[in-house]
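So the structure is just underneath, and the comments pick up after that.
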Amino acid sequence: MKRSDDSEREKRRKRRRLLQELGEQRIPYLSPTDPGFQDLWDSSYAGLALRQSGTLPEGLHEKVQSALLTLQRHGCLLRDLVRVRDRDVFTAVSRALVGQPGYTYRYLDTRLFTIPWHCEGEEGQKDEKGKPCCDSDLRDACKALWELNQFFCSDVKQQTNARGVKRTRSDTENSEDAPGEGMCEEESVKDRLVEEKTIEEEEEDSGQGCSHSSPPSSTPPAAQASLVQFNVTLINYMNPAAMTQLKEEPYYGMGKMAVGWHHDENLVPLSPVAVYSYSCPAEPKNEGVTEKDGEGKSKEKEREAKGEGTSTEEVKKEGEASVKEDVEKEKTCWRVGLKVAWDIHTPGLALPLQSGDCYYMTDDLNRTHQHCVLAGDTARFSSTHRVAQCCTGTLDYIQKRCSEALENLHSDPEKNAKSLISLLPSILQRIEDIHNEVEFEWLRQYWFQGRRYARFCSWWTKPMEQMEKDWKEMERMTQLLLVVVEDEATAQENRREMADVLLNALTDRQQHRQTWRDRCQSSLAQTLPPEEAPVDRPYWSNDDPDMPLPFDLSDIINRVESLLWRM
C-alpha cells in the first residue's frame, strides 16, 4: 500500500509541475490536414500503425459488425461500476469481455469475466442437461470476433515492421464509411498523466480514472516478439447522443473526449494492442440545391458567359474554405488522440478513424505514451484486442490455488471430523492469503460484476459454484486454526505466531467485507435494475448453522487481540 501511495504522490507532483509550466496555454497537436503531420507521426508516434478499412480481408467487416450488433441485441454490453480513488463511478462506455475460456481482465478494481469465443472445432462448456453455455447467435458472434483476433495475431507483426499505412490528407478526403456500420468507444482503463480532473468514466476499457503505474521497460521474450497471441478483446459501445455531457480534452483542445487520457493496464509488458473501430453511417444529407446554392451557380454561369474567370483572390478564399471544411469534417469523425507521457513540448497527434479502420499500438507505445478517444457525431463500437496479464487471472490459476489450500485439510470420514495437517505459520499464512484471494478477487468480484452475464452465457456458473464450495472449506480451516490458537495447551511460541497470522488475515477480511458491502449498497448500485445490480455474496447471518464462522468477524478479532495481549 505504501508503494502505491508513494507512486500516486509522485504522479501528483509531476502533474502540478507540468501544469504550472503549461499555464493557460494549449499544447499544439496535429491532424492529417496539418503540415508536418506525417513527420510527427514517424518521429514521435512510430509505434502507432493504421490499417485502413479497405485493406481488411473480404467478408471480415460483415462478420465482425454483425457480431458486435448481436452482442448489443443480446444485452451483453453493460456499463461497469468501477472504483476510482476510493469511490464508485459508472463507466461512460458499455462493454463486455470476449476471449479465451476461463480468462478475466482486471481494471480499476473490477474483474471482467470472458464470454468465451468459440474457436473452430470447440464445442464449449455445457450445463447438466447438455445445453450449450450460449445460444447459437451469440456463439456465432463470439466466433467472428475470434476470427478477427486471428487476423490481428498474424497481421500485427507485419504492421509493426512496416509501421502501417499512414493516412495522408488525400486518404482522409477520399475515405468513405463502409455501408451498414455500427458504433462505439474504445478502451478499458486509464490513467491520466498530466490530468488533475476527475474521471468521467473509468476506463477500459473505457474505464477512466487512474490505472496502475506503467510497467517497467523490459525486453520482450523471444516467443512474444515473434508471435502475438491476443487472449481477450474488450468490446466497447458508446453513443455520444445519449450522454448528458462529455468533457473537453483539456490540454490540446482536441474536442469532446469519450475516453480520457490513459495507459491500458493489466497487459503483458511491451505487448501490442489492436483496435477495430466501427461507426454508424452519417445521416444522409440533403443534396438538393438550396436557393443560395442556386444563386451562386447562376452567378458563376453568368461570369462564364461574360468571359470572366475566377480571380486569384477567389481561388485563395475557396482553398481556405476547403481546408476549413476538411478540419471540421475531421472533428465529426471518431479519432484516437495520442501524447507523449509527461511531455508538454512534443505536439499531440489526432488520427481520424473511418468506420472499419483498425489501428495497432506496438512496441512500448502504451508505456511511454497515453491515448484518448475523441467522440465523433455518431455512435461507435470498438473491439480492442490485447494480451492480458493472465498469471493470476485465469480460472485454471485460481482452481490450482484452491487445491493448494485444501491440501492442508484432513477429513476423517469415520469420525466425521476435520483437522489441519500442518500448523507451520508459513503454510498457514499462504492458506489464509489464498482464502482472501478467492473471496475478494473472485467470488465477490463475480457477484458484483460478472453474474450479469449468466443471463446469456452460463460458462462461469458451475466453476463459480465449485469455487464457493472450496471457499466454504477454507472458512472451516480458519475456524480450525482459531480453535488451535485459543487452546491453552498449544505450545506458547508457535501459538503466538499462529495468532499473528490469524489476526492479520481476519482483520483484512473484515475490512474488505465491509468495503464490498458498502459498494453493493451504494446509491449508484441501487439505480441498476435487479438483473444487473451487484449482489453482496457470499453473505450469511452470524448464527447460520451451515457456516463455521460468522460473517461479522469483529468479536473474533477482539478475542484474538486479547489473547495476544496476554501472551
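Below, each value reflects all heavy atoms present in this structure, side chains not excepted, and no hydrogens, waters or symmetry copies.
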Using a 4.5 Å cut-off on heavy atoms from C-beta on, say whether the side chain of [Y] contacts that of [X].
X: Glu404; Y: Arg430; value: yes
X: Arg386; Y: Val232; value: yes
X: Leu97; Y: Tyr103; value: no
X: Val275; Y: His371; value: no
X: Asp109; Y: Val82; value: no
X: Gln399; Y: Cys402; value: no
X: Ser94; Y: Leu78; value: no
X: Leu353; Y: Ser279; value: no

Centroid-centroid distance, [X] to [Y], less than 6.0 Å:
X: Phe37; Y: Trp41; result: yes
X: Tyr276; Y: His61; result: yes
X: His512; Y: Phe440; result: yes

Lys256, NZ: over 12 other non-hydrogen atoms inside 6.0 angstrom: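 Result for NZ/Lys256: enclosed.
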
Neighbour count above 12 (heavy atom, 6.0 Å) for Glu62 CD: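 For Glu62, atom CD is not crowded (no more than 12 foreign heavy atoms under 6.0 Å).
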
Compare every heavy atom of [Y] with every heavy atom of [X], then report the nearest pair and how far apart it is.
X: Leu374; Y: Glu249; answer: CD2-CB, 4.3 Å
X: Trp117; Y: Thr233; answer: CZ3-CG2, 3.9 Å
X: Phe230; Y: Ala274; answer: CZ-CB, 3.9 Å
X: Cys390; Y: Thr394; answer: O-CG2, 3.4 Å
X: Met257; Y: Leu246; answer: O-CD2, 3.6 Å
X: Cys391; Y: Tyr397; answer: O-CD1, 3.2 Å

Counting only N and O atoms by type, is there a donor-acceptor contact under 3.5 Å from the side chain of [X] to the main-chain atoms of [Y]?
X: Thr368; Y: Asp364; result: yes
X: Asp357; Y: Gln52; result: no
X: Arg111; Y: Glu441; result: yes
X: Thr33; Y: Ser31; result: no
X: Arg51; Y: Cys358; result: no
X: Asp363; Y: Leu365; result: no
X: Asn231; Y: Ala388; result: yes
X: Thr362; Y: Gly47; result: yes
X: His263; Y: His369; result: yes

[atom1] of [X] to [atom2] of [Y]: how many Å apart, nearest 0.5 Å?
X: Arg139; Y: Cys457; atom1: CZ; atom2: SG; value: 10.0 Å
X: Trp459; Y: Met464; atom1: CH2; atom2: CE; value: 10.5 Å
X: Cys134; Y: Lys143; atom1: SG; atom2: NZ; value: 14.0 Å
X: Cys142; Y: Glu147; atom1: SG; atom2: CD; value: 12.0 Å
X: Leu108; Y: Asn266; atom1: CG; atom2: CG; value: 11.0 Å
X: Leu528; Y: Leu81; atom1: CG; atom2: CG; value: 6.5 Å

Check ion pair Asp433-Arg401 (N to O, under 4.0 angstrom):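 No.
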
Would you please say whether a donor-acceptor pair under 3.5 Å links the side chains of [X] and [Y]?
X: Gln354; Y: Trp334; answer: no
X: Thr104; Y: Arg106; answer: no
X: Thr70; Y: Arg73; answer: yes
X: Ser382; Y: Asn236; answer: yes

Whether Phe152 and His385 hold their rings parallel, tilted or perpendicular, with breakpoints at 30° and 60°: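 Answer is perpendicular, since the angle exceeds 60°.
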
Lys339 NZ/CZ over Tyr252 ring centroid, <6.0 Å and within 45° of normal: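 Checked: cation-pi criterion not met.
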
Chi angles and distances behind the side chain to side chain contact (heavy atoms under 4.5 Å, CB included) call for Tyr453, Tyr446: CA-CA 10 Å; Tyr453 301 113; Tyr446 178 78; over 6 Å; no

Verdict with supporting geometry, Met361 and Val336, side chain to side chain contact (heavy atoms under 4.5 Å, CB included): CA-CA 11 Å; Met361 294 188 293; Val336 57; 5.9 Å; no

Residues Met254, Arg26; criterion side chain to side chain contact (heavy atoms under 4.5 Å, CB included); working and verdict: CA-CA 10 Å; Met254 290 180 174; Arg26 289 290 179 95; over 6 Å; no

Side chain to side chain contact (heavy atoms under 4.5 Å, CB included) between Asp42 and Gln38, intermediate numbers included: CA-CA 6 Å; Asp42 293 337; Gln38 190 67 56; 3.4 Å; yes

